[in-house]
Amino acid sequence: QVQLVESGGGWVQAGGSLRLSCALSGRTFSSSAMGWFRQAPGKEREFVSAITGSGEGTYTTDSLKGRFTISRDNAKNTMYLQMNSLKSEDTADYYCAAWETDQPSTTPRYWGQGTQVTVSS
């Protein structure tokens with residue numbers, strides 16, 4: 001059974017930083033492209049960032065480039081999202097996701113339960 005478990009969410013003041021983690025179990029980590037999505041209150045879920053199975057390729061939505069950085073440690077079966085210079089509009093539930101291939105494509109196959117990030121101004 002594939003499981004994704006997020007951690008690292010919480011409350012932070014505007015301008016601060018958080019690092020989210022996502023641990024994958026139940027399938028070969030390096031064979032799975034991984035990604036982060038987020039859903040703000042009253043809004044649809046949106047793509048944040050993705051990383052290939054090897055970690056050599058990353059994709060981040062343009063509006064977040066320079067502030068958010070995705071990475072992974074295949075030895076630890078864990079993916080990360082470093083979020084810097086946080087803004088109140090970054091407040092959302094953040095979801096970890098995994099694809100069945102080592103390249104991200106359309107809709108991920110597996111999803112975590114989400115971790116809440118609240119940025120206070």
Side-chain angles (χ1 to χ4, degrees):
Q1 182 179 359
V2 176
Q3 283 192 317
L4 294 167
V5 179
E6 302 103 333
S7 60
W11 180 91
V12 64
Q13 285 190 325
S17 298
L18 282 176
R19 188 177 80 156
L20 305 183
S21 300
C22 173
L24 172 70
S25 61
R27 63 178 280 116
T28 303
F29 188 66
S30 60
S31 298
S32 302
M34 302 286 293
W36 292 96
F37 293 73
R38 70 183 184 181
Q39 187 168 18
K43 296 186 177 181
E44 293 187 351
R45 188 175 297 186
E46 65 175 353
F47 170 76
V48 173
S49 191
I51 188 167
T52 61
S54 67
E56 293 180 354
T58 62
Y59 311 88
T60 301
T61 194
D62 286 345
S63 62
L64 298 177
K65 287 179 180 177
R67 296 196 299 120
F68 287 20
T69 303
I70 193 170
S71 63
R72 65 190 295 158
D73 185 339
N74 285 357
K76 295 182 178 179
N77 290 357
T78 302
M79 172 185 64
Y80 307 96
L81 183 68
Q82 179 67 43
M83 305 185 294
N84 298 328
S85 301
L86 283 161
K87 305 175 181 180
S88 57
E89 52 262 44
D90 295 319
T91 294
D93 291 325
Y94 284 72
Y95 296 89
C96 169
W99 282 267
E100 289 188 303
T101 61
D102 63 352
Q103 299 289 325
S105 54
T106 53
T107 304
R109 174 66 174 84
Y110 305 103
W111 293 88
Q113 292 298 308
T115 185
Q116 189 172 49
V117 172
T118 302
V119 183
S120 173
S121 57

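Predicted model only: the values in this text are computed from it and were never measured. The analysis underlying the following values was restricted to heavy atoms, covering all of them including side chains, and did not include hydrogens, waters or symmetry mates.
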Subject >> Shortest non-hydrogen separation from P108 to A98 and the atoms involved >> reply: CB-O, 3.6 Å
Subject >> S32 to R27 - nearest heavy-atom pair and separation >> reply: OG-NE, 2.6 Å
**OP:** Give a yes or no on whether the backbone of Q103 and the side-chain of T101 come within a donor-acceptor separation of less than 3.5 Å.
**Re:** yes
Subject >> Joint cluster assignment, V12 & F68, ILVMFWY side-chain distance < 4.5 Å >> reply: yes
Subject >> Rounded distance (nearest 0.5 Å) linking atom OG1 of T58 with atom NZ of K65 >> reply: 8.5 Å
Original post:
Taking side chain as C-beta onward, heavy atoms only, is M83 less than 4.5 Å from L20?
Top reply: yes
Subject >> Gap between atom CG of N77 and atom CE of M34 - 0.5 Å precision >> reply: 9.0 Å
**OP:** Please say whether more than 12 non-hydrogen atoms of neighbouring residues, nucleotides or ligands are located less than 6.0 Å from CD in Q113.
**Re:** no
Original post:
So, N84 versus S17: side-chain donor-acceptor pair below 3.5 Å or not?
Top reply: yes
Subject >> Distance, nearest 0.5 Å, that separates CG of D93 from OG1 of T115 >> reply: 8.0 Å
**OP:** Search all heavy atoms of T78 against all heavy atoms of S21 and return the closest pair with its distance.
**Re:** CG2-CB, 4.2 Å
**OP:** State yes or no: do M79 and V2 share one hydrophobic cluster built from I, L, V, M, F, W and Y residues joined by side-chain heavy-atom distances below 4.5 Å, directly or via other members?
**Re:** yes
Subject >> Geometric class of the W99/F37 ring pair [parallel <30°, tilted 30-60°, perpendicular >60°] >> reply: tilted
Original post:
How many angstroms lie between atom CG of L64 and atom OG of S49, to the nearest 0.5 angstrom?
Top reply: 8.5 Å
Subject >> Connected via hydrophobic side-chain network under 4.5 Å: Y95 and L18 >> reply: no
Original post:
For G55, does its backbone N or O pair with a side-chain atom of R72 as donor and acceptor, under 3.5 Å?
Top reply: no
Original post:
Are any non-hydrogen side-chain atoms of D73 and Y80 less than 4.5 angstrom apart?
Top reply: yes
Subject >> For W11 against S120, the heavy-atom pair lying closest together >> reply: NE1-CB, 3.3 Å
Original post:
Is it true that K87 and D90 have a side-chain N and a carboxylate O under 4.0 angstrom from each other?
Top reply: no
**OP:** For T91 and V119, indicate whether the former's side chain and the latter's backbone hold a donor-acceptor pair under 3.5 Å.
**Re:** yes
Subject >> No-hydrogen, no-angle side-chain donor-acceptor test under 3.5 Å, Q3 and Y110 >> reply: no
Original post:
Same hydrophobic cluster for I70 and F47, using side-chain heavy-atom links shorter than 4.5 Å among ILVMFWY?
Top reply: no
**OP:** Treating Ile, Leu, Val, Met, Phe, Trp and Tyr as nodes and any side-chain heavy-atom pair under 4.5 angstrom as an edge, say whether L4 and I51 lie in one connected cluster.
**Re:** yes
Subject >> Beyond-backbone contact of E46 with R38, side-chain heavy atoms, under 4.5 angstrom >> reply: yes
Original post:
At what distance, to the nearest 0.5 angstrom, does CG of L86 lie from CD of Q13?
Top reply: 11.5 Å
**OP:** Would you check if the side chain of S30 reaches a backbone N or O of S54 as a donor-acceptor pair within less than 3.5 Å?
**Re:** no
**OP:** Taking all heavy atoms of A14 and all of S121, pick out the closest pair and write down the distance.
**Re:** CB-CA, 4.2 Å
Original post:
For R19, does its backbone N or O pair with a side-chain atom of Q82 as donor and acceptor, under 3.5 Å?
Top reply: no
